[in-house]
Amino acid sequence: NAGVTQTPKFRVLKTGQSMTLLCAQDMNHEYMYWYRQDPGMGLRLIHYSVGEGTTAKGEVPDGYNVSRLKKQNFLLGLESAAPSQTSVYFCASRPLGGQRPFNTGELFFGEGSRLTVL
Amino acid sequence: GQQLNQSPQSMFIQEGEDVSMNCTSSSIFNTWLWYKQEPGEGPVLLIALYKAGELTSNGRLTAQFGITRKDSFLNISASIPSDVGIYFCAGNAGNMLTFGGGTRLMVKP
């Protein structure tokens with residue numbers, strides 16, 4: 001079982017360059033999320049999606065765009081990379097509902113993508 | 001936005017010692033979760049708590065959902081070297097999960 005797969009695992013960009021991070025999940029999950037992780041700040045939500053064709057802003061959406069054209073894929077784009085976007089990016093997914101009758105928030109994470117912007 | 005204050009930020013303990021860490025929030029959460037992240041990996045769920053006052057164990061780990069729904073703690077008993085990693089609390093109040101800043105645990109054999 002692949003679970004949640006992120007590509008690429010590592011990338012170095014120059015300021016102003018653009019790139020796309022791909023997240024793919026094979027668990028048929030409805031919800032998908034992009035987080036960034038910075039030292040001492042935990043995981044901060046960038047954007048998320050509650051289903052195919054829908055996206056919503058999280059806590060730190062500026063400078064990023066996302067698309068969910070297929071249920072299994074969630075793309076995170078940086079149109080013009082800045083050094084402040086140097087971080088480790090995590091994609092996560094979860095099913096609609098779960099074992100409990102309400103949203104449990106149990107996320108399944110990918111292994112992360114380390115991005116450095118020079 | 002919602003903020004979770006997690007403490008301590010780091011701990012360096014001797015193998016065999018017990019560990020305690022906690023999270024507090026200014027907001028109420030419906031669910032509290034505790035994750036562990038090992039180097040080069042994404043966080044993995046350890047324990048999920050669903051109602052105020054709930055006390056749940058998973059092996060040597062015990063976590064509680066505070067009565068006020070604004071806090072949670074995680075205890076690890078008899079620590080071992082493979083307990084090293086970063087532990088995150090997280091609170092769920094809808095579609096989004098808010099994470100604490102993490103507690104970095106180091107265990108000396």
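Sequence lines set the chain letters: A, B, ... in the order given, protein chains first and strands last, and positions in each chain run from 1. Below, all heavy atoms of this structure are taken into account, side chains as well, without hydrogens, waters or symmetry copies.
- Residue B:Gln37 touches chain A through its side chain alone, counting heavy-atom pairs closer than 4.5 Å.
- Each of B:Gly42, B:Ser10, B:Pro43, B:Gly40 has some count of heavy-atom pairs under 4.5 Å with chain A, and the biggest count is that of B:Pro43.
- Heavy atoms of A:Tyr35 lying under 4.5 Å from chain B belong exclusively to its side chain.
- Contact of the B:Asn30 side chain with the B:Asn92 side chain is not registered, since no non-hydrogen atoms from C-beta on lie closer than 4.5 Å.
- Screening residues 15-24 of chain A for side chain to side chain donor-acceptor pair (under 3.5 Å), with sequence neighbours left out, gives no hits.
- When all heavy atoms of A:Arg68 and A:Gln25 are compared, the closest pair comes out as NH2-NE2, 4.1 Å.
- Side-chain contact, A:Thr55 with A:Ser49: no donor N or O sits under 3.5 Å from an acceptor N or O.
- The 12-atom threshold is exceeded at CZ of B:Phe12, counting heavy atoms of other residues, nucleotides or ligands nearer than 6.0 Å.
- Counting only heavy atoms from C-beta outward, the side chains of A:His29 and A:Phe108 approach each other to under 4.5 Å.
- Expressed to the nearest 0.5 Å, how far CE of A:Met32 lies from CD of A:Glu52 amounts to 11.5 Å.
- Counted within 6.0 Å of CD on B:Gln9, heavy atoms from surrounding residues, nucleotides or ligands total 12 or fewer; the atom is thus considered open.
- Below 30°, between 30° and 60°, or above 60°: for B:Tyr35 and B:Phe99 the angle between ring planes is between 30° and 60°, a tilted geometry.
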Salt bridge (charged side-chain N to carboxylate O under 4.0 Å, His left out) between A:Lys57 and A:Asp62, intermediate numbers included: CA-CA 9 Å; A:Lys57 294 181 180 180; A:Asp62 294 342; 5.5 Å; no

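- Atom NZ of B:Lys108 has 12 or fewer neighbouring heavy atoms from other residues, nucleotides or ligands inside a 6.0 Å radius.
- Contacts between residues 71-81 of chain B and chain A, defined by a heavy-atom separation under 4.5 Å, are made by no residue at all.
- Considering only residues two or more places apart in sequence or on other chains, A:Tyr64 meets the ring-ring contact (aromatic ring centres under 6.0 Å, His included) condition with A:Tyr89.
- Contacts of A:Gln37 with chain B are made by side-chain atoms alone, with heavy-atom separations under 4.5 Å and no backbone atom involved.
- For a residue to count as touching a neighbouring chain, one of its non-hydrogen atoms must lie under 4.5 Å from one of that chain's; by this rule B:Glu41 touches chain A with backbone and side chain alike.
- Contact residues of residues 109-118 of chain A toward chain B are A:Phe109, A:Gly110, A:Glu111 (heavy-atom distance under 4.5 Å).
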